[in-house]
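Down below is the structure, laid out as structure tokens.
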Amino acid sequence: MVMVHGDDKGLVLPPKVPSVLEEELNAAGFCAEPDMRDNYSPGWKYSHWELKGVPFED
């Protein structure tokens, strides 16, 4: 289930896993939404959300 692809910020999950985690987190009362845009690299997405001040973890 774990992909070997990643960057300095950590693990990159396969596309189907974030949607499952999203459902579990929303059911637990958290507000979760995966960034599924394919036209940006994971590093760009991390930077984008960090600059917005959105907390996230891998």
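Numbers here simply count residues along the sequence, with the first being 1.
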Evaluate the side-chain proximity of Arg37 to His48: yes if any heavy-atom separation is below 4.5 Å, no if none is.
yes

Which residues end up grouped with Trp44 if you chain together Ile, Leu, Val, Met, Phe, Trp and Tyr wherever their side-chain heavy atoms are less than 4.5 Å apart?
Tyr40

Interatomic distance, Asn39 atom CG to Lys45 atom NZ [nearest 0.5 angstrom]
8.0 Å

Residue list, side-chain hydrogen bond (donor to acceptor under 3.5 Å, both in side chains) with Asn26, at least two apart or on another chain
none

